[in-house]
Amino acid sequence: MQQFAMIEFTNSEKVSACSIAFRVKKCSVGFVPTMGALHQGHLALIRKAKKENDKVICSIFVNPLQFNNQKDFETYPNTLSRDLQLLKEENCDVVFLPEKEDLYGESPILKFDFGGIGKVMEGEKRPGHFDGMAAVVKRFLEVVQPTRAYFGEKDFQQLTIIKWLNNTFQLQAEIIGCKTIRETNGLALSSRNLLLTAEELEVAPLLYQTLRYCNSQYKKIPVTQLQEECIHRLNEKFRVEYFLIVDEETLQPIKNWRDSAKPRAFVVAHLGAVRLIDNLALID
Ligand code: AMP
């Protein structure tokens, strides 16, 4: 396979200068932030960014600020040399591998008031997670100043928060949401899937099957009854943290189907030591 030279930076000033140089040459810049352990979901973001921009910058940074659980941070998969190879094969132009000191500098950890979108689901269950994620994404968008930045719908609430961040701080990027890439059995690709045992991998597709079941019952049975049924189905194999049907814009839970023109089901469930997350838009 033909490979292009990919520039590697660990320093934010250098990546910033490189991105400015691209834009001076009238090249649009697509940016894909990741935490590494790359899979086809990440690569789909890179491919979309390649298609829609002249240059693509990908970052790999396991952001300690967004882990509210130290064990989760310590066990987060690291496959750096493979990641770099995959990025080269996708003809990614620049990879940014920042040091945490360089990224945060002297500045204190930021706290944000996201309003309602930050108070539910992950915001409620993982205190500080969105503050840590947003602090780093804000810094990335300031350093890279991309034309467009790409994020997966798999982390739909994160995507909503990033759109808010971009608007609130006028970060000038176009935020592009990308559909969730799944295994043929429906399991959403995730770096954390690497931590599942063979038996757990057999059970894991039930998460998406339950979201599909939820969609099949859209408007047919009451919202709360449907949520309870889905939790009941999942509880046979998983430990469910939440299963909620919310409005896609406000992310507020709905009680009746008439409360939202665009409902979406969100689930977090644990399989052994692994916390899995997924969501699905409900459509007729
Ligand atoms: P992560 O490395 O998990 O922080 O993810 C980096 C980016 O890839 C985020 O915008 C994620 O939402 C996105 N992503 C992760 N998994 C998938 C997937 N299965 N399909 C599409 N995007 C994904």
Side-chain angles (χ1 to χ4, degrees), residues 30-52 56-69 72-73 75-80 82-84 86-87 90 92 95-98 100 103 121-122 126 129-141 144 146 148-166 171 173-196 201 204-205 207-208 211 248 251 264 266-268 274-281:
F31 176 51
V32 182
T34 79
M35 298 207 296
L38 301 184
H39 51 63
Q40 290 297 322
H42 298 114
L43 298 185
L45 266 59
I46 301 274
R47 283 176 203 142
K48 189 166 165 64
K50 276 298 283 185
K51 218 162 117 194
E52 298 177 356
V56 169
I57 301 178
C58 173
S59 63
I60 299 180
F61 177 63
V62 183
N63 172 21
L65 292 183
Q66 73 188 68
F67 285 81
N68 53 327
N69 175 333
D72 188 23
F73 176 60
T75 56
Y76 200 81
N78 177 335
T79 59
L80 184 59
R82 184 175 170 273
D83 292 352
L84 295 177
L86 289 171
L87 290 176
E90 295 302 328
C92 177
V95 63
F96 180 31
L97 307 163
K100 107 173 172 257
L103 212 54
M121 301 188 287
E122 298 301 274
R126 302 181 69 191
H129 165 68
F130 283 137
D131 283 324
M133 180 281 292
V136 166
V137 171
K138 179 171 179 284
R139 178 86 180 110
F140 272 139
L141 293 177
V144 178
R148 300 178 188 87
Y150 296 79
F151 298 88
E153 286 188 352
K154 172 169 173 285
D155 304 290
F156 194 91
Q157 191 175 10
Q158 167 175 285
L159 172 63
T160 307
I161 297 240
I162 290 166
K163 285 180 179 165
W164 174 92
L165 191 73
N166 188 57
L171 298 171
E174 189 183 341
I175 305 298
I176 315 266
C178 306
K179 70 174 178 24
T180 303
I181 305 297
R182 301 176 180 282
E183 303 278 8
T184 41
N185 63 20
L187 175 65
L189 298 190
S190 165
S191 306
R192 287 189 175 86
N193 293 354
L194 291 172
L195 305 172
L196 294 170
L201 272 171
L207 205 60
Y208 184 59
L211 287 169
E248 186 173 289
L251 299 185
R264 195 173 261 267
F266 287 74
V267 62
V268 166
V274 184
R275 185 179 191 268
L276 295 173
I277 183 166
D278 205 349
N279 68 84
L280 187 68

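Whatever order the structure lists them in is the order used to number ligands and atoms, beginning at 1.
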Quick look: Tyr76 vs ligand 1, heavy-atom contacts under 4.0 Å, and the answer is side chain
Non-hydrogen atoms of Pro33 versus ligand 1: any pair closer than 4.0 Å?
yes
Value for NZ (Lys179) from CG (Leu45), rounded to nearest 0.5 Å, stands at 11.0 Å
Exercise. Answer with yes or no whether Gln40 contacts ligand 1, where contact means a heavy atom under 4.0 Å from a ligand atom.
Key: no
CD1 of Ile161 to CD of Gln158, rounded to nearest 0.5 Å, is 9.0 Å
Would the distance check show the side chain of Asn63 and the main-chain N or O of Met35 forming a donor-acceptor pair, the cut-off being under 3.5 Å?
no
The option among Val62, Leu45, Asp155, Leu43 carrying the non-hydrogen atom nearest to atom 12 (O) of ligand 1 is Asp155
Thr34 heavy atoms within 4.0 Å reach ligand 1 at atoms 2 (O), 6 (C)
Nearest non-hydrogen contact to atom 21 (C) of ligand 1 from the set Lys48, Arg192, Lys179, Arg182 belongs to Lys179
Separation between CZ (Phe151) and NZ (Lys163), nearest 0.5 Å, reads 10.5 Å
Residue, atom and distance of the protein heavy atom nearest atom 10 (O) of ligand 1 read Gly152 N, 2.9 Å
Phe151 heavy atoms within 4.0 Å reach ligand 1 at atoms 10 (O)
When rounded to the nearest 0.5 Å, the distance separating CE of Met121 from NE2 of His129 is 11.5 Å
Closest to atom 20 (N) of ligand 1 by heavy-atom distance, out of Leu38, Leu189, Ile181, is Ile181
Heavy-atom proximity to atom 16 (N) of ligand 1 ranks first, among Met35, His39, His42, for His39
Here the atoms of ligand 1 under 4.0 Å from any heavy atom belonging to Lys154 are 16 (N), 17 (C), 19 (N)
Applying side-chain hydrogen bond (donor to acceptor under 3.5 Å, both in side chains) to Thr79 and not counting sequence neighbours gives Asp83
Output a table of donor-acceptor pairs, distance under 3.5 Å, between side-chain atoms of residues 180-187 and any protein atom two or more places apart or on a different chain; print 'none' if there are none.
{"from": "Thr180", "atom 1": "OG1", "to": "Lys154", "atom 2": "N", "distance (Å)": "3.2"}
{"from": "Arg182", "atom 1": "NH1", "to": "Gly186", "atom 2": "O", "distance (Å)": "3.0"}
{"from": "Arg182", "atom 1": "NH1", "to": "Asp278", "atom 2": "OD2", "distance (Å)": "2.8"}
{"from": "Arg182", "atom 1": "NH2", "to": "Asp278", "atom 2": "OD1", "distance (Å)": "3.0"}
{"from": "Asn185", "atom 1": "OD1", "to": "Leu187", "atom 2": "N", "distance (Å)": "3.0"}

Heavy atoms of Arg264 and Leu280 approach each other most closely as CG-O, 3.2 Å
